[in-house]
Protein chains: 2
Amino acid sequence: MSKKQLIMESALELFAKQGFEATSVQQITVHSGISKGAFYLSFKSKDELIMALIDQFMDQFVSDIDRLVKDPNNTGGELLRKFYYTTFHSFQKHSDFAKVFIKEQAHSFNEELISKGRQFDQLIDDIILSMLDQLYGEAVQHTKYDLIYCIKGFMHVYSHIFLFFNVPLDLNLLCRSLTEKTDLLAKHSAIPFITEELYDTFRKAGHEEMTDRQITEIIAQKIEELEDSIEKESLILLKKDVQERSLSPAIVQGLIANIRNSPQSRWIAYLLLNFYDL
Amino acid sequence: MSKKQLIMESALELFAKQGFEATSVQQITVHSGISKGAFYLSFKSKDELIMALIDQFMDQFVSDIDRLVKDPNNTGGELLRKFYYTTFHSFQKHSDFAKVFIKEQAHSFNEELISKGRQFDQLIDDIILSMLDQLYGEAVQHTKYDLIYCIKGFMHVYSHIFLFFNVPLDLNLLCRSLTEKTDLLAKHSAIPFITEELYDTFRKAGHEEMTDRQITEIIAQKIEELEDSIEKESLILLKKDVQERSLSPAIVQGLIANIRNSPQSRWIAYLLLNFYDL
DNA sequence: TTGACAAATGACCACTTGGTCATTAGTATA
DNA sequence: TATACTAATGACCAAGTGGTCATTTGTCAA
């Protein structure tokens with residue numbers, strides 16, 4: 001295991017237990033069995049560490065969900081159940097991550113972290129939305145935005161149960177139960193609150209465009225992580241284009257499609273789509 | 001306005017913006033226009049300040065809801081809608097409180113705060129439960145615990161909307177929308193996940209009994225806040241009994257009933273009922 | 001004007017924090 | 001063995017923390 005991984009796993013435990021701010025770099029180094037200097041060889045700052053952790057979790061989670069939504073074997077009825085199952089299973093498997101994520105998302109001390117949280121949230125929204133379209137189509141035209149919120153509400157309160165209590169739970173039953181509830185709401189709820197217009201307002205709120213500078217930096221970091229591949233090459237070209245704006249829209253769109261296929265950089269694709277206004 | 005109130009209001013703003021840990025006593029004193037020494041004349045510590053804030057919010061909120069549930073004018077159909085309305089209205093009115101509460105509840109740095117959060121949560125549960133009983137009775141016998149979680153899920157996601165976006169919202173429409181959803185679930189949902197047994201397990205989890213010492217202290221503090229009244233007298237008697245255990249169960253129960261009537265110390269009643277195992 | 005008392009101040013304390021960097025240990029090549 | 005290199009160390013730093021307390025200020029009655 002690389003030193004970086006060692007530190008991340010070690011810190012994750014502490015963050016999940018005590019929270020980010022309450023955990024000192026000192027504690028992390030002791031718990032990892034390394035020196036303070038060694039820590040700063042792997043991470044430029046404490047902030048960079050938590051960003052790396054959150055990134056890893058988001059990538060992992062999106063990758064899990066992505067596989068599911070793309071799988072053509074998921075016939076209508078089962079899709080919703082599997083969505084819940086994947087969600088909770090992922091939360092359970094990476095419960096330390098999930099705890100840190102939940103705890104630190106509320107605490108908006110870091111501008112970059114808020115933005116990341118918001119983007120993650122919007123990604124989830126999109127996945128749910130496409131699922132609802134697939135399942136109910138026109139029928140939920142006016143209630144779909146409320147359904148998103150209801151589903152996220154279910155996810156929130158029920159995750160708490162197995163994140164913060166140590167009880168063995170019947171995950172299958174939970175998912176069947178939530179599927180039934182969601183289905184009920186989708187089929188019979190008739191008084192929407194969140195209109196498309198309102199929803200758009202939320203989305204735009206605090207959507208201060210990223211600067212070329214910021215997005216270039218993020219891409220550069222991802223490039224370093226990747227080994228040679230179509231994906232990496234696409235990112236390199238895109239990074240250049242963000243600064244120079246010389247490629248045709250078709251090419252840009254194609255390049256983004258290339259990286260969008262890989263779950264581990266799907267949210268960079270997201271940033272880029274936003275950046276190019278596609 | 002008392003100096004204590006001044007500090008509390010001033011600190012509340014800062015906590016809502018930056019969070020508790022990220023706000024220094026220095027900042028609070030500057031923002032209040034007082035000296036550091038003056039701060040410590042009003043509060044023994046920074047922790048005591050936030051506890052006072054959370055207390056104030058909880059009392060306020062419980063008092064709002066309490067008035068509603070006790071009001072006999074609320075015929076069946078309207079009760080649910082008014083419950084949502086009161087909740088959101090209260091959150092909106094005290095949005096700074098609500099923000100601090102949401103932010104700091106997740107951050108379990110302070111043992112006393114976690115416990116307070118849990119008790120608040122259980123109080124809400126009880127209110128919802130009695131409402132469900134009143135509205136649907138036997139019909140929700142097996143699904144009522146799930147309904148609690150669904151309602152809390154709704155409360156959670158929809159509060160976020162007006163806590164963290166500055167958009168004018170039609171609160172009435174929101175409440176009608178949620179009432180419809182809740183009613184749908186109550187009447188048609190048939191696959192429960194949270195059984196009574198499971199629910200009890202959650203409740204007991206981390207319910208480390210309070211010591212006489214702790215509960216006496218809390219009562220003593222409340223006594224100081226109150227002016228002379230039946231309520232205050234009852235508390236004084238109860239405080240003595242917590243230590244000496246000399247009163248008969250009937251008297252104790254009666255005294256608790258006395259304070260339970262006043263919303264502003266309802267949650268002390270809660271502690272006592274737990275303490276005496278009633 | 002004096003004296004007594006409470007209210008308020010802010011310099012000060014011990015301590016912890018995130019972060020740095022001169023120094024050392026370890027290792028591979030020549 | 002000598003050289004060159006990176007990996008790792010931990011003493012150290014400035015900044016900031018929550019909290020204290022000798023001192024000053026303000027406000028009364030006598």
Side-chain angles (χ1 to χ4, degrees), chain A residues 1-55 100 103-104 107-114 116 217 221 224-225, chain B residues 1-55 100 103-104 107-114 217 221 224:
Chain A
M1 182 171 24
S2 77
K3 187 130 288 181
K4 210 162 174 169
Q5 265 304 317
L6 168 74
I7 295 172
M8 283 170 78
E9 286 180 22
S10 194
L12 183 56
E13 274 180 57
L14 294 172
F15 288 163
K17 233 183 290 170
Q18 318 171 340
F20 174 71
E21 291 200 87
T23 305
S24 68
V25 176
Q26 184 91 265
Q27 278 179 282
I28 296 170
T29 57
V30 169
H31 195 246
S32 311
I34 59 166
S35 70
K36 209 160 184 186
F39 175 91
Y40 282 95
L41 286 178
S42 293
F43 295 95
K44 274 207 283 289
S45 69
K46 197 186 164 194
D47 273 14
E48 193 183 284
L49 166 60
I50 197 175
M51 295 305 297
L53 281 171
I54 300 275
D55 264 6
V100 171
K103 280 187 181 168
E104 302 311 329
H107 254 249
S108 47
F109 57 93
N110 180 324
E111 198 54 49
E112 200 182 344
L113 216 163
I114 312 176
K116 216 155 243 184
E217 229 167 74
Q221 203 179 326
E224 265 184 53
E225 291 173 18
Chain B
M1 178 169 31
S2 77
K3 188 129 287 182
K4 210 162 174 168
Q5 265 303 316
L6 168 73
I7 295 173
M8 281 170 79
E9 285 179 23
S10 194
L12 184 56
E13 272 180 58
L14 295 172
F15 288 164
K17 232 183 291 167
Q18 318 170 340
F20 175 71
E21 290 199 88
T23 305
S24 68
V25 176
Q26 183 92 261
Q27 277 179 281
I28 297 170
T29 57
V30 169
H31 195 247
S32 310
I34 60 165
S35 70
K36 209 159 182 185
F39 174 91
Y40 282 96
L41 285 178
S42 292
F43 296 94
K44 273 205 286 289
S45 68
K46 197 185 163 195
D47 273 14
E48 192 182 285
L49 167 59
I50 197 173
M51 294 307 297
L53 280 172
I54 300 275
D55 264 5
V100 171
K103 280 186 180 168
E104 303 310 331
H107 254 247
S108 46
F109 58 92
N110 181 324
E111 198 55 48
E112 199 182 345
L113 216 163
I114 312 176
E217 229 168 74
Q221 203 179 325
E224 265 184 54

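Below, read A as the first sequence line, B as the second, and so on, with proteins coming before strands; counting in each chain starts at 1. Just so it is clear, the model here is predicted, and its values are computed rather than measured.
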Novice: Closest nucleotide of DNA chain C for A:Gly37 versus for B:Ala38: which of these residues is on the 5' side?
Specialist: B:Ala38

Novice: Using OP1 and OP2 only, check whether a side-chain N or O of A:Ser24 sits under 4.0 Å from C:dT17.
Specialist: yes

Novice: What is the distance, rounded to the nearest whole Å, between atom CG of B:Leu41 and atom P of D:dG19?
Specialist: 14 Å

Novice: Taking the side chain of A:Tyr40 as its heavy atoms from C-beta onward, which of C:dG10, D:dA8, C:dG18 lies nearest to it?
Specialist: C:dG18

Novice: Which listed nucleotide (C:dG19, D:dG18, D:dA8) is nearest to the side chain of A:Ser45?
Specialist: C:dG19

Novice: Please report the distance, rounded to the nearest Å, between NZ in B:Lys3 and C1' in C:dA8.
Specialist: 7 Å

Novice: Using a 4.0 Å heavy-atom cut-off, does A:Thr23 contact any base of the nucleic acid, only the sugar-phosphate backbone, or nothing at all?
Specialist: sugar-phosphate

Novice: Write down the atom of B:Glu21, the atom of B:Lys46, and the distance for their closest heavy-atom approach.
Specialist: O-NZ, 3.8 Å

Novice: Sub-3.5 Å donor-acceptor pair from the side chain of B:Gln5 to the main-chain atoms of B:Ser2, do we have one?
Specialist: no

Novice: Provide, to the nearest angstrom, the distance between the CD1 atom belonging to A:Ile28 and the C1' atom belonging to C:dG19.
Specialist: 13 Å

Novice: For B:Phe39 and D:dG19, give me the distance from atom CZ to atom P, rounded to whole Å.
Specialist: 8 Å

Novice: Would you tell me if any nitrogen or oxygen in the side chain of A:Lys46 comes within less than 4.0 Å of OP1 or OP2 on C:dT17?
Specialist: no

Novice: Please report, rounded to the nearest Å, how far the C1' atom of D:dT25 is from the CD1 atom of B:Ile34.
Specialist: 16 Å

Novice: Under 4.0 Å between any heavy atoms, over every strand shown, what does A:Lys36 touch: base, sugar-phosphate, or nothing? Just pick one.
Specialist: base

Novice: Closest to the A:Ser35 side chain: D:dG10, C:dT9, D:dG18?
Specialist: D:dG10

Novice: Atom CE of A:Met8 and atom CG of A:Leu12: how far apart are they, to the nearest 0.5 Å?
Specialist: 8.5 Å

Novice: Could you tell me whether a side-chain N or O of B:Glu13 sits under 3.5 Å from a main-chain N or O of B:Ser10, the two making a donor and an acceptor?
Specialist: no

Novice: C:dG18 C1' sits how many Å from A:Phe20 CZ, rounded?
Specialist: 10 Å

Novice: Pick out which of B:Ile7, B:Leu41, B:Ile28 makes a side-chain contact (heavy atoms from CB on, under 4.5 Å) with B:Ile34.
Specialist: B:Ile7

Novice: Round to a whole Å and report the spacing from CD of A:Glu21 to C1' of C:dT16.
Specialist: 14 Å

Novice: Nearest whole angstrom, please: distance from the P of C:dT17 to the CG of A:Asp47.
Specialist: 16 Å

